[in-house]
Amino acid sequence: ILEEENLVKKTCKELGITQKELAEKIGVHDVTVRSWTSKGKIPKIARNFMNLLLEKKRFLNYVSQTQKYLEISEQIKGAKIPDTFNNYNL
């Protein structure tokens, strides 16, 4: 029960949303989400949905980080190496 109860709190915390906003994303009334938090009985489909929301956030963060690394890589490729570095056979 505690694990499921924490899933609602964890999802809201990681997504930076309220329980009411989570309810809107899932398509249920906010009272329903509050009851999941207090009673800990979350339907399997809602647990799966919350896990997918968390996975989506992790994926989008990964994509964002990858884009930043690619941009930095392109900047490095385009950068002229100063003459002082030529002494190091770069």
Measuring from atom CD of E24 to atom NE2 of H29, what distance do you get when rounded to the nearest 0.5 angstrom?
10.0 Å
Taking the side chain as C-beta and beyond, is there a heavy-atom pair between E14 and L53 under 4.5 Å?
no
What do you reckon, is CD1 of I45 surrounded by more than 12 foreign heavy atoms closer than 6.0 Å?
no
Pair D30-Q19, side chain to side chain contact (heavy atoms under 4.5 Å, CB included): steps then yes or no:
CA-CA 7 Å; D30 60 316; Q19 288 183 9; over 6 Å; no
Separation of L15 CG from E21 CD (nearest 0.5 Å)
10.0 Å
Using only atom types and a distance under 3.5 Å, with no angle test, would you say the side chain of T66 pairs donor to acceptor with the backbone of Y62?
yes
Kindly compute the distance separating OG1 (T37) from NZ (K9), expressed to the nearest 0.5 Å.
6.5 Å
Could you walk me through whether W36 and L22 pass side chain to side chain contact (heavy atoms under 4.5 Å, CB included), step by step?
CA-CA 12 Å; W36 294 342; L22 177 61; 5.9 Å; no
Is it true that E74 and K77 make a salt bridge, defined as a side-chain N closer than 4.0 Å to a carboxylate O?
yes
Would you say T11's side chain and L7's backbone share a donor-acceptor pair under 3.5 angstrom?
yes
Reported NZ-to-CG distance for the pair K56 and L60, which is rounded to 0.5 angstrom
6.0 Å
Kindly give the heavy-atom pair with the smallest separation between F49 and K25, and that separation in Å.
CZ-O, 3.3 Å
CZ on R34 to NZ on K20, rounded to 0.5 Å
9.0 Å
Donor-acceptor contact present, side-chain R47 to main-chain I42, <3.5 Å:
yes
Salt bridge (charged side-chain N to carboxylate O under 4.0 Å, His left out) for R58 and E55? Distances and angles first, verdict last.
CA-CA 5 Å; R58 286 189 287 270; E55 186 62 32; 3.2 Å; yes
Nearest 0.5 Å, what's the NZ-CG distance between K13 and L54?
12.5 Å
